[in-house]
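For this chain, numbers begin at 1 and follow the sequence in order. Owing to the predicted nature of the structure, the values given are computational and were not obtained by experimental measurement.
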Amino acid sequence: MAPTVPLALPVLVALLAPGSVVASPSCDYPAHLWCSSQEIAVACQAESRCANLSRPAAAPVELSLFYESLCPACRWFLVQQLFTAWLLLPSEALSITLVPYGNAEEKNVSGKWQFQCQHGPEECLGNMIETCLMHEAKNFSTYFPVIFCLESGSSVTKNLEACLQVYAPQLDGGRVAACVQGDTGAELMHRNAQLTQALDPPHQYVPWILVNGKHTDELQAQAEASLLGLICRLYQ
């Protein structure tokens with residue numbers, strides 16, 4: 001007859017085997033409960049064994065882009081850096097706010113807002129189209145590809161219908177046009193003016209980039225050099 005082995009011995013051998021997890025003195029839970037919660041896994045030093053343990057979701061990196069629709073540097077950043085990063089990153093990693101206004105100026109004439117833009121009336125129209133597009137579409141993943149299409153194409157102001165057909169056929173271009181031509185578009189542009197004027201520090205050029213609500217020369221330079229790399233470093 002084989003010698004009997006005390007029940008505690010195999011358990012001790014298993015716990016001391018290479019790669020095993022040894023519970024800390026503060027762990028008062030049986031092994032089958034070690035992965036039942038984050039707190040217990042930490043107390044029992046078993047986090048590496050609990051592959052299915054849910055972890056708190058990380059906050060997305062928040063990026064705000066203050067830009068002008070016809071500014072060459074703005075168009076390059078939006079098309080080459082921002083859109084690419086948005087495509088490649090998981091949706092929970094990056095939250096984007098677009099504010100088309102830049103170096104424009106506004107004045108109230110007989111109760112109606114009028115705008116002058118750095119690159120002329122065509123730019124004011126482009127800013128208004130993109131602002132109204134955001135207002136009508138609501139959903140970022142719906143309107144951002146359309147704005148990308150406008151900014152990367154031959155004309156920001158003449159390609160709306162073509163870009164809608166490709167990227168958002170469910171949107172009604174007539175509603176966007178009505179917003180542009182009516183009071184709603186002017187009020188939305190006034191809001192963009194207020195957001196731009198409230199920047200601290202005040203913007204000195206465009207594109208003007210805020211990362212997690214902050215603008216520094218270093219963050220701006222990093223975003224323009226490799227936005228994807230910057231977001232990956234900041235996303236925790």
Side-chain angles (χ1 to χ4, degrees), residues 59-86 89 93-108 113-153 156-157 176 179-180 184-231 234:
V61 176
E62 296 181 1
L63 186 140
S64 299
L65 175 63
F66 291 77
Y67 71 106
E68 299 167 350
S69 63
L70 296 189
C71 156
C74 300
R75 297 177 75 172
W76 178 88
F77 178 78
L78 190 150
V79 170
Q80 298 294 332
Q81 294 285 350
L82 189 57
F83 190 73
T84 301
W86 178 73
L89 289 166
L94 179 60
S95 173
I96 301 171
T97 300
L98 300 175
V99 184
Y101 187 79
N103 297 321
E105 295 179 355
E106 67 172 356
K107 60 181 177 179
N108 193 311
W113 293 106
Q114 295 183 1
F115 306 92
Q116 290 185 324
C117 297
Q118 183 173 0
H119 298 92
E122 191 81 357
E123 180 168 83
C124 284
L125 177 58
N127 291 345
M128 187 88 77
I129 288 172
E130 294 183 6
T131 298
C132 284
L133 174 64
M134 289 186 258
H135 176 71
E136 291 297 330
K138 307 289 193 268
N139 187 284
F140 186 85
S141 61
T142 300
Y143 65 71
F144 191 37
V146 182
I147 291 177
F148 160 79
C149 177
L150 294 173
E151 293 292 342
S152 60
V156 171
T157 59
V176 177
C179 169
V180 169
T184 301
E187 286 300 322
L188 291 170
M189 286 305 303
H190 173 57
R191 185 197 63 184
N192 286 355
Q194 291 178 310
L195 291 172
T196 304
Q197 290 157 10
L199 285 169
D200 185 18
H203 84 285
Q204 300 168 15
Y205 48 81
V206 285
W208 189 260
I209 301 164
L210 270 62
V211 179
N212 290 332
K214 234 169 71 172
H215 175 91
T216 66
D217 291 343
E218 183 181 4
L219 283 172
Q220 177 91 19
Q222 290 176 355
E224 290 180 333
S226 175
L227 180 62
L228 184 62
L230 175 62
I231 302 303
L234 293 176

Would you please name every residue forming a side chain to side chain donor-acceptor pair (under 3.5 Å) with [X], sequence neighbours left out?
X    : answer
Q81  : none
Y67  : E130
Q118 : N103

Could you note down all residue pairs passing ring pair (Phe, Tyr, Trp, His ring centres under 6.0 Å) where residues 206-229 supplies at least one of them, sequence neighbours left out?
Y205-W208, W208-H215
Let me know which of E68, H203, E106 forms a side chain to side chain contact (heavy atoms under 4.5 Å, CB included) with Y101.
E106
Pick out which of V180, L133, V176 makes a side chain to side chain contact (heavy atoms under 4.5 Å, CB included) with M128.
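Checked V180, L133, V176 against M128; only one passes side chain to side chain contact (heavy atoms under 4.5 Å, CB included): V180.
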Inter-residue atom distance [X].[atom1] - [Y].[atom2], 0.5 Å rounding:
X    : Y    : atom1 : atom2 : result
F66  : I209 : CZ    : CD1   : 11.5 Å
N192 : Q197 : CG    : CD    : 10.5 Å
L228 : T84  : CG    : OG1   : 8.5 Å
R75  : I147 : CZ    : CD1   : 12.5 Å
L78  : C71  : CG    : SG    : 10.5 Å
L89  : I96  : CG    : CD1   : 8.5 Å

Go through the steps to decide whether L98 and L82 satisfy the test side-chain contact (heavy atoms from CB on, under 4.5 Å), and finish with yes or no.
CA-CA 11 Å; L98 300 175; L82 189 57; 3.9 Å; yes
Between the main-chain N or O of [Y] and the side-chain N or O of [X], is there a donor-acceptor pair closer than 3.5 Å?
X    : Y    : value
S69  : E123 : yes
Q222 : L230 : no
N212 : E62  : yes

Taking only residues two or more places apart in sequence or in another chain, which ones pass ring-ring contact (aromatic ring centres under 6.0 Å, His included) with F148?
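Applying ring-ring contact (aromatic ring centres under 6.0 Å, His included) to F148 gives F83.
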Please identify each residue that fulfils ring-ring contact (aromatic ring centres under 6.0 Å, His included) with Y143, with sequence neighbours left out.
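Y143: ring-ring contact (aromatic ring centres under 6.0 Å, His included) contacts with F140.
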Please check if the number of heavy atoms outside K138 that lie under 6.0 Å from its NZ is greater than 12.
yes
Got more than 12 heavy atoms from elsewhere within 6.0 Å of CD, Q116?
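Check fails, neighbour count at 12 or below.
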Please name the pair of heavy atoms, one in [X] and one in [Y], separated by the smallest distance, quoted to 0.1 Å.
X    : Y    : result
A104 : C117 : CB-SG, 4.0 Å
T157 : G126 : CG2-N, 3.7 Å
M189 : P100 : CE-O, 3.5 Å

Would you mind reporting whether [Y] and [X] have side-chain heavy atoms less than 4.5 Å apart?
X    : Y    : value
P207 : W76  : no
P72  : H119 : yes
E151 : C74  : no
L94  : L63  : yes

Pair L199, L210 - check side-chain contact (heavy atoms from CB on, under 4.5 Å), show working.
CA-CA 10 Å; L199 285 169; L210 270 62; 3.9 Å; yes
Would you call the rings of W86 and F144 parallel, tilted or perpendicular, where under 30° means parallel and over 60° means perpendicular?
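Taking F144 first and then W86, their aromatic rings stand perpendicular (interplane angle over 60°).
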